[in-house]
Amino acid sequence: MGGFVVVYPLGFTRFSTDLVNELSTEINQMLVDYRKVFKTNLLLPITLRIYPLHDDFYCLNPQTPFLGEGTAHSRAGTREIALFLHQIREEDSWQPAVLNGVRHELAVLFAGELSGGFAPPGLLNGLGGYFEDPGETFTSRFEAGGRPQEAELNWKVLWEENAPLSDQRALLQSTSTVAYLVDVYGWEKFIDFLKEINHKQGYHEAAAEVYGSSIQGLEEHWETYFPVYLDHRWQVNIFHAYDLDVIRQLLDAGAYQESVLRLDEAVFIIEIFGNPDELIAAQGLLAKAKLGVEADQLTLQARDALLSGEYKESYTAGALALDLFQQLGDTRRVSELEAYLAVSKEVLDLRAGLDLIRQQGIGINPFRSKEILSIGQRLLALGDTESGEQVLILLSLLGIQQNTYFQFLISLVILVCTGLIIRQAISARKPYPVEADLL
């Protein structure tokens, strides 16, 4: 059956044939999908071995711990999934029971491979429970577990003591530990956790390395999460119903970088397990998040350029950022950007005024210095020290020209006055004309 071999007792040929005919496509697709999400491979083929009763399994596997009344079982390090026919036939419909059993045990096999066999059995069991379709398994498991309202067992018990599958209360809680880690930190982190368990040969150090927290710290947060999980978060499962509402809330809060990280993962998983409508929605949110990241980066560029005195670059980046935020309908940083733009524009306008004065020539206008001085003071107030230095140079040049102008005027006045005095002196020495005597 593709990547699987079905082994069954004589006398159960009909059921085995029905299983192959009706579920082979889904089960083989499951194998393809799990390869992608676990980013590893299993040595094929995987055996689906059908046992009529649990007792038949114990006869052939006498050292196996008590399994309880589950429909399927596998062991880390093996490539065999046991299906218990009598348990499957007790279900209303055997196909969902088989599929959930294979989902559970195939996830256990992949996680066991990824963790090098060092992952605790309860963690693997919880992961298998998370891969089952919660719409088909949660309610019955919750009822069978006595409808718990709060966490009762710690992670050491849940993960290390390998509770039998018949303990639905323990399976519910161990499944919620995986749901908590995936829900809060994401699937990629969980994959890193499994890999690190292999490297550290234990989960305590692996948790500290990957999650930056001790198992005790994670467990305390999980105890708060567990009642929420029982209330409604059990329905949120990245392999059956990816929750994009949380990411929408992040986008609404302006957490664009975090949204991109989560949406990259969401698109990757929804492409494998979701439907086209979910994929379109996730891709649309991802495009919006990337636009927000670009807007944030441009805002940072505008600020840094302003502080560095690169006012043209600041204005350009700020204008682009403002346009992107307007497209997003995000007004949180508008006032900040408008302040950057206002300062940059005023500096650029004042600089243009100085350039115009320089191009027109300073001339010999003694009153031009007041205008230049006013521009320089404003530029310095805005933090443009570079232009302030240029203003001082202009004022210095203007001072030299003005001194030359005043020296010329003074010299001209002196010359005129001297000429008048000399003329008056010459006139005094000249003899009176005859006509003067007649007066």
Side-chain angles (χ1 to χ4, degrees), residues 1-10 12-52 57 70-85 87-89 91-115 117 119 124-125 127-137 165 175 178 182 187 190-191 194 237-242 265-279:
M1 194 178 72
F4 296 85
V5 171
V6 180
V7 179
Y8 58 93
L10 293 176
F12 295 91
T13 302
R14 181 176 178 180
F15 172 80
S16 303
T17 303
D18 288 344
L19 186 152
V20 171
N21 290 338
E22 296 185 31
L23 299 181
S24 62
T25 300
E26 289 184 68
I27 290 176
N28 276 289
Q29 185 61 48
M30 205 181 294
L31 180 62
V32 173
D33 294 341
Y34 283 27
R35 282 174 178 168
K36 294 177 182 177
V37 296
F38 282 100
K39 299 179 180 179
T40 192
N41 291 313
L42 295 177
L43 187 62
L44 300 179
I46 297 170
T47 301
L48 294 179
R49 190 181 295 272
I50 299 173
Y51 293 89
F57 178 85
T71 58
H73 175 68
S74 68
R75 287 172 293 175
T78 69
R79 301 192 312 280
E80 178 179 304
I81 296 175
L83 297 175
F84 302 109
L85 187 57
Q87 190 71 29
I88 291 171
R89 283 177 168 173
E91 303 290 339
D92 293 336
S93 176
W94 66 268
Q95 290 91 341
V98 170
L99 288 175
N100 276 317
V102 175
R103 288 186 187 112
H104 185 119
E105 302 305 336
L106 194 58
V108 169
L109 292 179
F110 270 96
E113 178 73 19
L114 208 57
S115 63
L124 295 179
N125 198 27
L127 178 63
Y130 186 75
F131 268 80
E132 296 176 33
D133 185 346
E136 297 172 356
T137 62
L165 291 177
T175 299
V178 175
V182 175
W187 176 249
F190 191 83
I191 289 294
L194 292 176
N237 184 300
I238 63 172
F239 304 115
H240 299 279
Y242 205 106
E265 178 179 291
V267 169
F268 167 69
I269 291 175
I270 292 172
E271 280 181 330
I272 300 172
F273 295 98
N275 58 60
D277 291 339
E278 288 177 324
L279 182 59

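All residue numbers in this chain count up from 1 along the given sequence.
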Please report the C-alpha distance between Val7 and Leu48 in whole Å, then the side-chain angles of each, then the deciding distance to 0.1 Å, and finally whether the side chain to side chain contact (heavy atoms under 4.5 Å, CB included) criterion is met.
CA-CA 6 Å; Val7 179; Leu48 294 179; over 6 Å; no
Sub-3.5 Å donor-acceptor pair from the side chain of [X] to the main-chain atoms of [Y], do we have one?
X: Asn100; Y: Thr137; value: no
X: Glu278; Y: Asn275; value: yes
X: Asn28; Y: Met1; value: yes
X: His104; Y: Phe131; value: no
X: Asn237; Y: Pro134; value: no
X: Trp187; Y: Ile269; value: no

Start with the C-alpha distance between Phe4 and Leu44, add both sets of side-chain angles, then the distance that settles side chain to side chain contact (heavy atoms under 4.5 Å, CB included), and finish with yes or no.
CA-CA 7 Å; Phe4 296 85; Leu44 300 179; over 6 Å; no
If you measure from [atom1] on [X] to [atom2] on [Y], what distance do you get to the nearest 0.5 Å?
X: Ile27; Y: Leu106; atom1: CD1; atom2: CG; value: 9.5 Å
X: Leu109; Y: Thr40; atom1: CG; atom2: OG1; value: 12.0 Å
X: Phe239; Y: Met30; atom1: CZ; atom2: CE; value: 12.5 Å

Specify whether Phe110 and Phe38 have parallel, tilted or perpendicular ring planes, treating 30° as the upper limit for parallel and 60° as the lower limit for perpendicular.
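Phe110 and Phe38: parallel rings.
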Would you say that [X] contacts [Y] through its side chain, given a criterion of any heavy-atom pair below 4.5 Å between the two side chains?
X: Arg49; Y: Ile81; result: no
X: Tyr242; Y: Glu265; result: yes
X: Leu83; Y: Leu19; result: yes
X: Leu43; Y: Arg79; result: yes
X: Val98; Y: Leu23; result: yes
X: Leu85; Y: Trp94; result: no
X: Tyr51; Y: Tyr8; result: no
X: Val182; Y: Val178; result: yes

Pair Val267-Leu279, side chain to side chain contact (heavy atoms under 4.5 Å, CB included): steps then yes or no:
CA-CA 6 Å; Val267 169; Leu279 182 59; 4.0 Å; yes
Give the minimum heavy-atom separation between [X] and [Y], together with the two atoms involved.
X: Tyr34; Y: Ala107; result: CE2-N, 3.6 Å
X: Glu113; Y: Asn41; result: CG-O, 3.8 Å
X: His240; Y: Glu132; result: NE2-O, 3.2 Å
X: Ile50; Y: Pro9; result: O-CD, 3.3 Å
X: Ala111; Y: Leu124; result: CB-CD2, 3.5 Å

Do Lys39 and Phe190 meet the cation-pi criteria used here (NZ or CZ under 6.0 Å from the six-membered ring centre, within 45° of the axis)?
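Judged by the rule, Lys39 and Phe190 form no cation-pi pair.
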Hey, mind stepping through Glu26 and Leu99 against side chain to side chain contact (heavy atoms under 4.5 Å, CB included) and telling me if it holds?
CA-CA 8 Å; Glu26 289 184 68; Leu99 288 175; 3.3 Å; yes
